Amino acid sequence: MRCRYHLLAYLILTSFIIAQPKISGRLGIGYTSPDYKNFAESPFPKKGAFENMMLNFSFTYQVYSNARIGYSQWYSFTSDKYEGEDFKRSFNYRAIVVETYFFPKKKLEVNFTIGPLINSGSISLTTKQTIEAWDNLMEEFNNSGIDISTSDEMTTTFLGIISSVGARYYIKPYLAIETQIGFMENFYSKDNWKFQDKDIKGPGIDIEDLPLFTFGLVYGW
Amino acid sequence: MVKFILIVFICFSVLLGQELQQTEDACQSPLIIKANKEGMRSIKVTELPQFVIDLWKCRKEKNSKKLFKRINEKTYIEDYKTSQQLVGFTATCAYCSAASVLIFYLVKLSGN
């Protein structure tokens with residue numbers, strides 16, 4: 001019985017390896033337009049257009065003559081000062097994608113991507129302060145005026161879906177440029193944040209339905 | 001004397017072997033021939049390092065540029081042939097994706 005399972009696993013694995021050995025990686029930038037509502041208002045830092053830029057990378061594996069499956073991630077990041085302290089805000093949009101495609105012309109590929117999103121967000125603040133117990137201990141060794149740096153973050157996780165339509169032009173058989181237009185539908189809730197294992201309220205951000213434009217370089221085999 | 005003859009024999013055989021390698025056309029490796037016939041995608045990932053080495057050796061040969069161009073062209077044609085149309089479930093996925101993007105932007109443009 002065990003032998004049969006081994007044989008089955010071997011056949012499945014080898015058929016994948018022999019049939020479609022095409023692997024590709026993508027590096028790109030994306031533009032989206034979230035509405036940060038009160039989150040972006042003073043005193044929170046606002047970065048203008050840069051705030052809407054995202055870095056993107058993805059890896060896909062061709063499983064069929066017209067289909068690839070893979071992992072894709074978009075990363076949005078802001079860093080600034082909040083009341084003189086270091087403030088960081090980041091959102092990670094992670095997707096397991098199914099990408100189907102066809103070639104209307106030689107070298108030109110039109111692709112369609114769809115997949116679920118598992119996203120995470122974090123806001124961290126690093127503050128410098130004087131703690132009495134540490135201060136007393138430092139004074140024992142004839143030190144004074146030493147600030148203690150403390151850092152902590154509030155986090156959230158939320159689900160979503162992504163869909164896009166794109167075009168890829170092959171400069172070389174292994175190198176291509178790609179542009180995509182699509183959207184992200186996120187199920188974000190401001191009541192779903194955590195800080196030190198406690199449920200807290202987070203910022204009201206309108207990221208439920210985000211338009212998405214990306215441009216990238218694809219390297220693949 | 002026997003040692004001397006043995007050393008000379010070994011040296012000659014090494015030299016002759018090198019001569020044979022130099023005259024062999026580096027562009028005629030089995031992997032390059034395969035890529036030329038069926039396109040680059042026919043090369044498996046496990047064969048890739050050897051294929052890159054073969055291409056590197058081939059680059060200085062006569063007509064290597066033409067050969068590389070022919071391999072690239074063959075790859076484009078093979079890609080075009082194998083993925084010219086959406087087949088089976090891939091069509092369903094594509095329609096879902098395209099329809100959802102279209103509906104999303106129509107709703108956005110009409111102001112919800």
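Not measured: the values here are computed from a predicted model. First the proteins, then the strands, lettered A, B, ... as listed; each starts at 1.
Atom OH of A:Tyr101 is separated from atom OG1 of B:Thr90 by 9.5 Å, given to the nearest 0.5 angstrom. Expressed to the nearest 0.5 Å, how far OG of A:Ser65 lies from NZ of B:Lys81 amounts to 14.5 Å. From B:Ile77, atom CD1 reaches atom NZ of A:Lys107 across 10.5 Å, with rounding to the nearest 0.5 Å. In this structure, the separation between OH on A:Tyr64 and OG on B:Ser83 is 10.5 Å, given to the nearest 0.5 Å. One distance of note links CD1 of A:Ile162 with OG of B:Ser97; it measures 9.5 Å at 0.5 Å rounding.
For A:Ile161, no part lies near chain B; criterion is any non-hydrogen pair under 4.5 Å. Neither the backbone nor the side chain of B:Ile71 comes within contact range of chain A, judged by heavy atoms closer than 4.5 Å.
By the 6.0 Å contact criterion, CG on B:Leu102 is enclosed, its count of non-hydrogen atoms from other residues, nucleotides or ligands being greater than 12.
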*Carefully, step by step, assess B:Thr82 and A:Phe103 under the rule side chain to side chain contact (heavy atoms under 4.5 Å, CB included).*
CA-CA 9 Å; B:Thr82 52; A:Phe103 282 74; over 6 Å; no

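Ranked by heavy-atom pairs shorter than 4.5 Å toward chain B, the options A:Thr113, A:Val98, A:Val110 are led by A:Thr113.
If you look at B:Tyr95 and A:Phe112, their ring centroids are not closer than 6.0 Å.
For A:Ser163 and B:Ser100, the side-chain atoms include at least one donor-acceptor pair closer than 3.5 Å.
Side-chain contact between B:Tyr80 and A:Leu108 is absent, with no heavy atoms from C-beta onward closer than 4.5 Å.
Ring orientation note: the planes of B:Phe104 and A:Phe183 are close to parallel, at an angle under 30° on the 30°/60° scale.
Judged by the 6.0 Å and 45° rule, A:Lys106 forms no cation-pi pair with B:Tyr76.
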